[in-house]
Amino acid sequence: MKLPATTKSLLHLPTRTKTGTIIGLRYFSGELDDPHKPLPPPQPVSEIVSLLNTTDHNDWNSKPQLVEFLHTPPFPTSLLKITRQLGSTEKALQFFEFFKSHSSSSSSSPSSLSFTFQAILEQAMREEISDVPSKLYQLFSFAKDREIPLSINAATLLIRCFDRAKMLEESIAVFNALDPESRNTNVVNLLLDCLFRGGNIDDGFKVLDEMLDRDSSFPPNESTMDIILSAIWKRNWVGRRMSVEEICGLVVRFFEHGVFLDDVWLTKLITNFCRSGKCNKAWDLLHDMMRLGGQAEAVSFNALLSGLGRERDFEKMNLLMNEMKGKEIKPDVVTFGILINHLCKSYKVDEAMQVFEKMGGSESDGILVKPDLVLYNTLIDGLCKVGRQEEGFKLMEKMRLESGYEPNTVTYNCLIDGFCKAGEIERSYELFDQMKKGGVVPNVITLNTLLDGMCKHGRVNSGIELFAEMQGKGVKGNAITYTILITSFCSVNNIDKAMNLFNEMSENGCFPDAKVYYSLILGLCQARRTNDASCVASKAKEAGFGLDIICYNALIGGFCRKNKIDEAHNMLRDMEEAGIKPDRYTYNTLISYFSQKEQFATAHRVMKRMIDDGYLPNVVTYGALIHAYCLAGNVDEAMKIFQNMSSSTNVPPNTVIYNTLIDALCKSDKVEAGISLLGDMKDKGVRPNTITYNAIFKGLQERNWVEKAFQIMDQMTENACNPDYITMEVLTQWLSAIGETEKLRSFLEGYEVSTSTA
DNA sequence: ATAGGGTTAG
């Protein structure tokens with residue numbers, strides 16, 4: 001919202017004031033003009049009060065004491081005190097009239113009347129009457145008719161009362177009735193609060209604009225800031241009606257008046273700006289405030305660090321940490337936690353460990369912050385995520401010994417995931433047992449982590465058992481549990497089971513989210529049931545889950561594999577209509593399709609569009625082309641691309657590329673060339689796998705080149721590469737036929753060869 | 001601080 005530049009003062013706010021003393025205010029704030037001036041003799045307030053309270057108002061004229069009292073001009077504060085003690089609004093009003101009729105024009109100064117009126121209002125507020133706001137409004141009108149100026153307290157009292165009764169117009173009327181000379185920042189704040197909470201935002205901003213003026217009569221204070229920020233916050237204007245930039249501009253104007261954000265607001269704003277992707281604005285806000293003299297603390301710095309971390313802007317993070325050091329703002333455990341977390345998320349675990357070591361205190365910095373459990377867990381997770389789960393495990397032990405923290409569910413979950421991802425399901429299961437024995441309660445994340453590990457390593461049935469066991473212990477599955485199971489069943493082509501799970505989940509009180517639909521779509525595509533996948537896609541859309549790029553790619557790939565290029569085109573069009581742009585995967589899928597159809601010209605056209613779109617061909621692109629040329633029987637062209645990759649692109653060939661070529665060479669009776677490529681792999685540090693060796697063995701079998709096969713078998717063992725059912729098939733057939741069963745037996749020793757054909 | 005989908009190879 002743009003703040004209008006006001007030319008005319010709103011609500012009769014004066015644009016400038018003469019510096020003048022507001023007598024009433026001074027009295028009321030307990031200050032006297034001159035504390036050394038001798039005080040006049042005390043006036044008998046309590047005697048007057050008891051006389052008034054014991055006499056009917058019609059008889060007041062016959063009491064000389066009263067009349068005399070009013071003829072010597074009383075202090076306005078004495079009148080205030082007296083009126084306050086009269087017990088009822090009615091009596092207070094009677095006294096007011098009595099006082100007015102008896103005081104000379106010189107003695108009935110406006111402030112005397114104001115104070116008396118103020119006391120009447122206070123009295124009315126205290127009385128148990130049904131409609132206080134309308135009673136007060138009557139009194140307000142009464143004062144207006146008699147031209148009694150409002151004291152600042154009376155105005156405050158009236159505005160507060162009308163505001164509570166949601167009588168915005170009346171609140172504004174009171175403010176307008178207040179003599180501009182007697183207004184102050186507090187009463188303007190009150191008006192501002194009424195306007196914002198009453199929904200009169202435009203006028204609210206106009207008033208605020210005047211307050212924030214360079215030579216404002218009512219410079220803003222901390223309350224003004226609080227009122228305006230609360231208004232912005234409650235209406236959730238960030239990113240809607242009021243932009244981050246506008247909020248920044250507004251707050252800086254407060255800074256220029258020396259009014260700064262407290263830690264809570266500063267932190268809130270920084271967090272919010274960062275979440276709207278405006279870290280630079282959060283940065284400016286913090287720095288503007290400090291530049292103009294405000295003080296910030298570690299929490300606010302932490303909020304900004306966290307935002308910068310999400311953007312992986314380590315340069316700025318370091319800059320900010322150094323600023324903290326310069327300003328002697330001590331980083332706390334959260335500061336280090338943020339830094340370590342984001343280093344871990346960027347796989348910079350060694351740097352994270354260095355920061356961790358530094359926390360413990362170093363000669364140069366003397367920083368000493370004790371790491372907490374969260375920080376240890378962050379590091380353990382970071383280690384696990386880069387395949388260093390064994391170090392993660394050791395860190396847990398170290399944590400126990402050195403810091404005395406017992407691992408919690410999160411610690412175990414991180415380690416279990418680490419060992420699962422490394423395929424060490426047994427270790428994960430041991431950790432799971434250990435946690436249960438240690439009284440650490442597994443949660444749904446533990447279940448999902450372990451379940452995923454089991455499913456991905458061919459133990460779906462154990463996974464199902466685990467799920468049942470956990471359900472028995474009160475751990476219910478969630479959408480993620482079902483995603484894991486559905487994905488797993490699809491991957492072993494058990495579509496019925498996957499569909500059943502999908503249908504069952506809602507009955508178990510667990511409703512499918514987008515990713516459950518996606519997993520089913522992907523699984524069906526993978527299982528070559530593209531039409532079914534397409535149906536599920538329609539269902540997903542009906543349920544309000546638009547497809548994402550991964551789904552579209554899977555469907556496009558599925559139709560391509562089925563040779564249904566028209567359907568694939570429809571999907572591409574659908575995708576475009578949904579506003580989703582093709583990515584590297586889409587292009588590679590299409591390139592793979594066209595080149596396998598030997599439409600190399602089209603494949604190259606797609607590749608050009610891919611480059612125009614900003615995606616350089618990667619190892620998969622080249623792999624698709626190489627594979628297609630091999631299939632087309634043009635191994636020479638495939639080899640040319642392979643050589644071109646190494647010489648003129650920055651794309652090093654991977655195992656898949658080598659496997660494709662080795663297989664093609666061996667099949668076209670060029671085993672020597674294949675073996676030479678295997679040597680090349682070793683030189684380039686590309687790990688051969690079972691597929692590599694199988695291709696070689698087949699080629700060697702064709703030539704009956706036994707000695708070479710024995711060499712390669714030894715190499716395979718050295719490389720800890722497990723034979724699979726294809727290796728078994730080739731070698732048993734060949735070696736038993738030529739009576740080399742002993743070599744075969746020793747080769748297979750210690751292997752548990754999977755016999756599944758999955 | 002911890003959990004769930006994707007492109008190339010036999």
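So that the names make sense, note that chain A is the first sequence line, chain B the second, and so on, each numbered from 1.
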(message) Taking only side-chain N and O atoms of A:K385, does any of them lie within less than 4.0 angstrom of OP1 or OP2 on B:dA3?
(response) yes

(message) Given 3.5 Å as the limit, does a donor-acceptor pair link the side chain of A:S534 with the main chain of A:T530, or not?
(response) no

(message) Treating A:S428 as the side-chain partner and A:C420 as the backbone partner, does any N or O pair qualify as donor plus acceptor under 3.5 Å?
(response) yes

(message) Is the shortest side-chain heavy-atom distance between A:L485 and A:C455 below 4.5 Å?
(response) yes

(request) Whole angstrom is fine here: how far is it from CE in A:M645 over to C1' in B:dT8? (result) 10 Å

(request) Using only heavy-atom distances, decide whether a donor-acceptor pair under 3.5 angstrom links the side-chain of A:D548 to the base of B:dG6. (result) no

(request) Using a heavy-atom cut-off of under 4.0 Å over every strand shown, decide if A:D663 touches base, sugar-phosphate, or nothing. (result) sugar-phosphate

(request) Could you state the atom-to-atom distance from OH of A:Y585 to C1' of B:dT7 in whole Å? (result) 7 Å

(message) At less than 3.5 Å, do the side-chain atoms of A:S519 and the base atoms of B:dG5 form a donor-acceptor pair?
(response) no

(message) For A:C510, is there any backbone N or O sitting under 3.5 Å from a side-chain donor or acceptor partner on A:N508?
(response) no

(request) Consider only side-chain N and O atoms of A:S403 and A:Y376, and report whether a donor and an acceptor are under 3.5 Å apart. (result) yes

(request) Please state whether the phosphate of B:dG6, meaning OP1 or OP2, lies under 4.0 angstrom from any side-chain nitrogen or oxygen of A:K515. (result) no

(request) Could you tell me the separation between the CG atom of A:L547 and the C1' atom of B:dG6, rounded to a whole number of Å? (result) 13 Å

(message) What contact category does A:D372 fall into here, base, sugar-phosphate, or nothing, at under 4.0 angstrom with non-hydrogen atoms?
(response) nothing

(request) Check every atom of B:dG4, B:dG10, B:dA1 against the side chain of A:N377 and return the nucleotide holding the closest atom. (result) B:dA1

(request) Mind listing the residues from residues 609-629 of chain A sitting with a heavy atom below 4.0 Å of DNA chain B? Number order is fine. (result) A:V619, A:V620, A:G623, A:H627

(request) Output the residues of residues 402-409 of chain A in contact with DNA chain B, where contact means a heavy atom of the residue under 4.0 Å from an atom of the strand; sort by number or write none. (result) A:N408

(message) I'd like to know if A:R703 and A:D669 make a salt bridge, using a cut-off of under 4.0 Å between side-chain N and carboxylate O.
(response) yes

(message) Just the rounded figure in Å: distance from P of B:dA9 to CG of A:N659.
(response) 11 Å

(message) Using a distance-only criterion (donor-acceptor N/O pair, under 3.5 Å, no hydrogens), is the base of B:dA3 paired with the side chain of A:N478?
(response) yes

(message) Going by ring pair (Phe, Tyr, Trp, His ring centres under 6.0 Å), name the residues that satisfy it together with A:F502, two or more places apart in sequence or in a different chain.
(response) A:Y517

(message) From the set B:dG4, B:dG6, B:dT7, return the single nucleotide nearest to any side-chain atom of A:A479.
(response) B:dG4

(message) I want to check a possible cation-pi pair here: A:R427 against A:F393, using under 6.0 Å from ring centre and within 45° of the ring axis as the test.
(response) yes

(message) At less than 4.0 Å, is any side-chain N or O atom of A:K421 found next to OP1 or OP2 of B:dG4? Yes or no.
(response) yes

